[in-house]
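These numbers come from the heavy atoms of this one structure, side chains and all, not from hydrogens, waters or symmetry mates.
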Amino acid sequence: MAIRLTMTAAGLLLAFAIPASAQDVTGTWLRDTGASKVRFTKCGEAVCGTISWLKDASGPAKLGQRIFYDMKPAAGGKWNGSAFNPEDGKTYSGTMSLSGDTLTTAGCVLGGLICRSVKWSRSN
């Protein structure tokens with residue numbers, strides 16, 4: 001009986017631990033074009049993303065520039081906040097969604113009617 005209870009408790013702990021780690025967006029991500037990397041870290045109760053590497057540093061994006069702000073968890077591996085686009089210097093309503101080792105970020109205008117998405121993969 002004690003062994004069965006211990007195994008059940010361990011199974012429940014594992015069941016809750018796996019989704020939590022699967023939804024962890026912190027770390028470094030490589031843009032699908034290979035042009036940049038962004039490091040996502042906790043910033044208070046939210047997640048923020050800062051440019052950590054650029055293939056070509058002669059453009060408008062700068063190392064250390066924060067481009068994702070106040071990304072707060074929503075349901076099912078999604079976050080909502082703000083996204084800054086260094087190419088046009090504007091800040092947009094931002095969303096992120098995580099599926100496995102693929103992160104999709106989007107900047108939107110007009111209440112989410114028009115969005116531009118970018119795919120990212122985990123990087124070391």
*Minimum heavy-atom distance between Ala61 and Leu54, given as atom pair plus value*: O-CD1, 3.3 Å
*Would you name the heavy atoms of Ser82 and Thr91 that are closest together and state the gap between them?*
CB-CG2, 3.9 Å
*Does Phe84 belong to the same Ile/Leu/Val/Met/Phe/Trp/Tyr cluster as Val25, with side-chain heavy atoms less than 4.5 Å apart forming each link?*
yes
Between [atom1] of [X] and [atom2] of [Y], what distance do you get to the nearest 0.5 Å?
X     : Y      : atom1 : atom2 : value
Thr95 : Trp79  : OG1   : CH2   : 11.0 Å
Trp29 : Ser121 : CH2   : OG    : 7.5 Å
Trp53 : Ser36  : CH2   : OG    : 7.5 Å

_Using the rule given for side chain to side chain donor-acceptor pair (under 3.5 Å), can you reason through Thr50 versus Arg39, listing the C-alpha separation, both sets of side-chain angles and the distance that settles it, and then say yes or no?_
CA-CA 5 Å; Thr50 304; Arg39 175 173 293 282; over 6 Å; no
Contacts table for residues 97-118: side-chain donor-acceptor under 3.5 angstrom, sequence neighbours left out:
from   : atom 1 : to     : atom 2 : distance (Å)
Asp101 : OD1    : Arg122 : NE     : 3.2
Thr104 : OG1    : Lys119 : NZ     : 3.1
Thr105 : OG1    : Trp120 : NE1    : 2.9

Pairs of donor and acceptor atoms involving the side chains of residues 64-76, under 3.5 Å and at least two apart or interchain, shall be tabulated with distances.
from  : atom 1 : to    : atom 2 : distance (Å)
Gln65 : OE1    : Lys62 : N      : 3.1
Tyr69 : OH     : Arg66 : O      : 3.3

